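What follows is one structure encoded as structure tokens, with my remarks underneath.
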Amino acid sequence: MNSLVLFRSEYGHTEKYAQWLGESLSTAPIDLADRRPTPLIGADCAIFVLPVYAANLTAVKRVGQLAEAAPEVPIAIATVSMNDLNSDTNGREEVLGKCKAALPAPVFKRINWFHLRGGLDYERMRFQHRMLMRMMYGMMRQRAKKGDEKAQKFCDSYGKSVDFTDRELLEPVLEFARSVNDRKGQANV
Ligand SMILES: Cc1cc2nc3c(=O)[nH]c(=O)nc-3n(C[C@H](O)[C@H](O)[C@H](O)COP(=O)(O)O)c2cc1C
């Protein structure tokens with residue numbers, strides 16, 4: 001199997017998933033913060049593991065450039081976020097909508113999506129992120145007062161560090177890598 005795992009991470013949750021995937025697929029994960037070019041050409045598939053910040057997927061433009069330069073390579077994106085985007089339909093559509101706007105249409109169409117849960121570490125949070133969270137808290141408190149349950153959940157967890165990373169959540173991503181590999185194997189028979 002010749003799968004590529006590429007990631008970006010601020011506080012380590014996404015990196016942990018990338019490392020787990022790398023172990024399972026016998027490949028060294030590539031940090032997209034590393035400025036060296038990372039061509040995808042020749043890989044069986046490329047799996048991008050990327051965190052969500054304010055509904056934006058980090059490094060999505062870089063995904064577009066790399067994927068466009070390697071049109072034959074199957075692409076997956078595993079998002080890492082606080083909310084469970086598998087069940088949070090509005091949250092998922094917001095993130096995917098922004099990706100759609102940021103990516104060339106043929107690249108967006110090729111993407112196989114997976115959604116993983118990360119965590120929040122208030123002690124290690126950068127000042128800028130802390131301020132953003134405080135602003136969001138102010139907004140969410142208003143919404144919670146009007147009965148918004150999602151906003152109430154946000155307020156209840158504000159300021160508390162949590163970690164939802166779970167290796168088992170990667171099973172569908174590994175299944176994707178295996179199925180791509182099986183198809184390649186059959187094509188080469
Ligand atoms: C400033 C800030 C904004 C965030 N925005 C979102 C968001 O819009 N939706 C979400 O589900 N999670 C959001 N998160 C949670 C991150 O996606 C989560 O912490 C993730 O695990 C970060 O991955 P990392 O540790 O690899 O950087 C936000 C976190 C911070 C600090």
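We count ligands from 1, going down the list as the structure has it; atoms in each ligand are counted the same way. All values reported here derive from a predicted model rather than from experimental measurement.
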> So, Thr79 versus His115: side-chain donor-acceptor pair below 3.5 Å or not?
Replying inline: yes
> Does a donor on one side chain and an acceptor on the other come within less than 3.5 Å for Asn90 and Glu94?
Replying inline: no
>> Are Tyr122 and Tyr158, when compared by the centres of their aromatic rings, separated by less than 6.0 Å?
In response: yes
>> Assess, by modelled atom type and distance only, whether the side chains of Asn181 and Asp44 contain a donor and an acceptor separated by less than 3.5 Å.
In response: yes
>> Using a 4.0 Å cut-off on heavy atoms, what residues surround ligand 1? Order them by chain and number.
In response: Ser9, Glu10, Tyr11, Gly12, His13, Thr14, Pro51, Val52, Tyr53, Ala54, Ala55, Val80, Ser81, Met82, Asn83, Gly118, Gly119, Leu120, Met125, His129, Leu132, Met133
> Would you say the ring centroid of Tyr53 lies under 6.0 angstrom from that of His129?
Replying inline: yes
> Under the side chain to side chain donor-acceptor pair (under 3.5 Å) test, which residues partner Gln65, sequence neighbours left out?
Replying inline: none
